[in-house]
Amino acid sequence: MNTLSSKAIIIEKNPSQNKLDELGVARWPIWEKEPSSFDWSYDQKECCYILEGEALIQVGEEKPLRISQGELVTFPAGLSCHWVITKKIRKHYQLG
């Protein structure tokens, strides 16, 4: 498993179809956003699976993390970050 992490953001590259099925990803709602830049805070944990697109996630002074198609990303509750969507994002997501 190829996993990256920063400030408890976990990025799993190319998770297996079995894992996606176990999580029920296909039943999660879908969120889409055009290229843009905005601050965001997570009041609860979010797990998302990137269907298409790309974004940079900046946490404080850390090096930005790039998320893109085929990655399963977990954002912890209490995290504040800055999103820069470089290619339209389309993702399944689950809160809590």
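Along the sequence shown, residues carry numbers from 1.
By the side chain to side chain donor-acceptor pair (under 3.5 Å) test, Ser36 is found to be paired with no residue, residues two or more places apart in sequence or in another chain being considered. In terms of the side chain to side chain donor-acceptor pair (under 3.5 Å) criterion, residue partners of Thr86 (sequence neighbours excluded) are, by chain and number, Glu54. Applying the side chain to side chain donor-acceptor pair (under 3.5 Å) rule to Glu52 yields no partners; only residues at least two apart in sequence or on another chain are considered.
The closest donor-acceptor contact from the side chain of His82 to the backbone of Gln58 lies at 3.5 Å or more, if one exists at all. With Glu71 contributing its side chain and Ser68 its backbone, the two residues share a donor-acceptor pair below 3.5 Å. Not one N or O on the side chain of Glu46 forms a donor-acceptor pair closer than 3.5 Å with the backbone of Cys48.
In the hydrophobic clustering of ILVMFWY residues, with side-chain heavy atoms under 4.5 Å counting as a link, Ile57 and Ile85 come out together. Connection of Trp40 to Leu56 is not established within any shared hydrophobic cluster, with ILVMFWY side chains joined at heavy-atom distances below 4.5 Å, either directly or through further cluster members. Leu23 and Leu95 fall into different hydrophobic clusters, where Ile, Leu, Val, Met, Phe, Trp and Tyr residues are linked whenever their side-chain heavy atoms come under 4.5 Å apart, directly or through other members. Cluster annotation: Trp28 and Ile30 are assigned to the same hydrophobic cluster (Ile/Leu/Val/Met/Phe/Trp/Tyr, side-chain heavy-atom contacts under 4.5 Å, transitive).
The side-chain heavy atoms of Thr74 and Ile11, taken from C-beta on, include no pair separated by under 4.5 Å. Between Tyr42 and Ser80 the shortest side-chain heavy-atom distance does not fall below 4.5 Å. Side-chain contact between Lys91 and Leu51: absent, with no pair of heavy atoms (C-beta onward) separated by less than 4.5 Å.
For the atom pair Lys87 NZ and Glu34 CD, the distance stands at 14.0 Å (nearest 0.5 Å). Atom CD1 of residue Ile67 and atom CD1 of residue Ile50 lie 4.0 Å apart, to the nearest 0.5 angstrom. The distance from the CG atom of Leu79 to the CD1 atom of Ile9 is 5.0 Å, given to the nearest 0.5 Å.
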Worked check of side chain to side chain donor-acceptor pair (under 3.5 Å) between Gln17 and Asp21:
CA-CA 6 Å; Gln17 188 60 52; Asp21 292 344; 2.9 Å; yes

Taking it one step at a time, do Lys88 and Lys33 satisfy side chain to side chain contact (heavy atoms under 4.5 Å, CB included)?
CA-CA 6 Å; Lys88 179 184 175 182; Lys33 184 114 175 108; over 6 Å; no

Test side chain to side chain contact (heavy atoms under 4.5 Å, CB included) applied to Leu72 and Cys47, step by step:
CA-CA 7 Å; Leu72 185 65; Cys47 187; 3.8 Å; yes

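Pairing each heavy atom of Gly53 with each of Ile89, the nearest pair is C-CD1, 3.9 Å.
Ring orientation note: the planes of Trp31 and Trp83 are nearly perpendicular, at an angle over 60° on the 30°/60° scale.
Under the 6.0 Å distance and 45° angle rule, Lys19 does not count as a cation-pi partner of Tyr49.
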